Each structure stands twice: as structure tokens, then as C-alpha cells.
Amino acid sequence: MKPGARSTYERIYRVVRGIPRGRVATYGLIARLAGLPGHARQVGYALHALPDDSGVPWFRVLNARGEISLSPAGSGTVQRKLLEAEGVLFDKRGRVDLGRRLWKPRAAVR
DNA sequence: CTCCTGACTAATA
DNA sequence: CTATTAGCCAGGA
């Protein structure tokens, strides 16, 4: 993580770490919980800059449609596998049923 | 400094 | 359902 990235990234990572196993969240949701409403894009940017050994469950973050925002041919496959290993299933279109799988946290930022 | 890109979203047509 | 638009802002050239 770069020095200049500061608290914005940390806020995001803190929220992502709170996603329970077998549940998923969306970029926009993470942004709001992190106290950064409207910064969904930056959430994606932050996760992209995240090291693989960070321990942050980045793979539990999907876009608003319940799809993986990564290239299906790239690390998107890895993300899907990680989620399926937790019991998160994808339909024929490659989407997760957010209605049932979306993480419903009790409190925001904190 | 400016310009462009991008793990995004919500609103509108 | 798809397409377009505007809003967001960190980083690299």
C-alpha cells in the first residue's frame, strides 16, 4: 500500500474485512459503509491496489448487478472459485442472487 | 500542472 | 432488457 493512499483505503479495507463468509457486498455498499457515499469507483480502485497476501476478502465484493467486475478470462475466475467454495452460487448468466446473498450489516462506519 | 483511464453506480430514456 | 450521462477521484504519462 502506498503512503499517500492513507485512510481512504483503510476505511474501505476495514469494511471489506467485515464481510462474513458466504456473503457478498457491492462496491457502492462498501463505499457507503466506509463513509464515502458515491465513491464506488474508488472502492474498486482500492481493491485493485490491494496485495494478494493482505488477508482482505476482496473476492466478496461484486458490482451492483451481482456480477464479478473482473475479466471472466482473468482473475474473475479465481474470484468465482473462491466464492463458490464458500457456498455462493452463480446463475447461468454469471450472477449472484443479491436478494439472498447480500451482506446486511447492522451498523455503518463505527 | 493537464489529460486519460478505470475491480462503479444511479438515474433516465 | 440495453444505452447514455453525469458524478466520483486516485494514479500514471
Side-chain angles (χ1 to χ4, degrees):
Chain A
M1 172 102 223
K2 295 188 176 182
R6 60 166 197 283
S7 60
T8 299
Y9 283 2
E10 278 193 23
R11 284 164 175 274
I12 294 171
Y13 299 150
R14 189 171 75 218
V15 175
V16 175
R17 278 195 201 92
I19 305 174
R21 192 172 176 289
R23 300 245 109 173
V24 297
T26 65
Y27 294 95
L29 177 62
I30 297 299
R32 271 181 282 125
L33 292 175
L36 302 167
H39 296 213
R41 205 161 192 162
Q42 270 53 349
V43 172
Y45 201 88
L47 295 183
H48 182 243
L50 196 60
D52 293 339
D53 54 7
S54 61
V56 176
W58 57 270
F59 52 87
R60 295 186 187 136
V61 184
L62 305 171
N63 64 28
R65 297 175 184 168
E67 311 174 301
I68 289 175
S69 285
L70 296 174
S71 170
S75 36
T77 306
V78 177
Q79 177 170 14
R80 178 164 177 161
K81 279 201 165 195
L82 287 168
L83 288 175
E84 291 179 326
E86 295 189 340
V88 177
L89 305 178
F90 290 77
D91 65 12
K92 210 166 187 176
R93 296 170 183 165
R95 307 197 313 197
V96 170
D97 182 353
L98 291 182
R100 272 177 50 74
R101 243 54 223 231
L102 187 64
W103 175 40
K104 289 146 191 166
R106 302 184 176 188
V109 194
R110 244 145 71 64

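A, B, ... follow the sequence lines: proteins, then strands. Residue 1 opens every chain. Here the structure is a predicted model, which is why all the values come from computation and not from measurement.
- Atom-to-atom, CG of Leu47(A) to P of dG11(C) comes out at 14 Å; the value is rounded to the nearest Å.
- Partners of Thr26(A) by side chain to side chain donor-acceptor pair (under 3.5 Å), not counting sequence neighbours: none found.
- Remark: Tyr9(A) is in phosphate contact with dG11(C), judged by side-chain N or O atoms under 4.0 Å from OP1 or OP2.
- Side chain of Ala40(A), nearest nucleotide from dA7(B), dC8(B), dA10(B): dC8(B).
- Atom CG of Leu36(A) is separated from atom C1' of dT9(B) by 15 Å (rounded to the nearest Å).
- Note: NE2 (His39(A)) to C1' (dG6(B)) measures 16 Å, nearest angstrom.
- Of the candidates dA7(B), dC1(C), dT9(B), the closest approach to any side-chain atom of Asn63(A) belongs to dT9(B).
- Atom CG in Leu82(A) sits about 15 Å away from atom C1' in dA7(B), given to the nearest Å.
- Spacing between atom CD1 of Ile12(A) and atom P of dC8(C) amounts to 16 Å, rounded to whole angstrom units.
- One atom, CZ of Arg32(A), and another, P of dT9(B), lie 10 Å apart when rounded to the nearest Å.
- Going from the P atom of dT9(B) to that of dC1(C) covers 15 Å, rounded to whole Å.
- Of the possible donor and acceptor atoms, one in the side chain of Arg11(A) sits under 3.5 Å from a partner among the backbone N and O of Ala34(A).
- Atom P of nucleotide dT9(B) and atom CG of Leu33(A) are separated by 14 Å, given to the nearest angstrom.
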Side-chain polar contacts of residues 81-89 of chain A - donor-acceptor pairs under 3.5 angstrom, sequence neighbours left out - could you list them?
{"unit_1": "Glu84(A)", "atom_1": "OE2", "unit_2": "Arg80(A)", "atom_2": "NE", "d": "3.1"}
{"unit_1": "Glu86(A)", "atom_1": "OE1", "unit_2": "Gly22(A)", "atom_2": "N", "d": "3.1"}
{"unit_1": "Glu86(A)", "atom_1": "OE1", "unit_2": "Arg60(A)", "atom_2": "NE", "d": "3.0"}
{"unit_1": "Glu86(A)", "atom_1": "OE2", "unit_2": "Arg60(A)", "atom_2": "NE", "d": "3.3"}
{"unit_1": "Glu86(A)", "atom_1": "OE2", "unit_2": "Arg60(A)", "atom_2": "NH2", "d": "2.6"}

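- The phosphate of dC1(C) (OP1 or OP2) has a side-chain N or O of Arg95(A) nearer than 4.0 angstrom.
- Look at CZ on Arg80(A): it is 17 Å from C1' on dA7(B), rounded to the nearest Å.
- Side-chain atoms of Glu67(A) never come within 3.5 Å of backbone atoms of Arg95(A) as a donor-acceptor pair (strictly under, hydrogens ignored).
- The main-chain N or O of Arg100(A) is found under 3.5 Å from a side-chain atom of Arg23(A) such that the two form a donor-acceptor pair.
- Across the interface with DNA chain C, nearest-nucleotide mapping of Tyr45(A) and Arg41(A) shows Arg41(A) to be the residue nearer the 5′ end.
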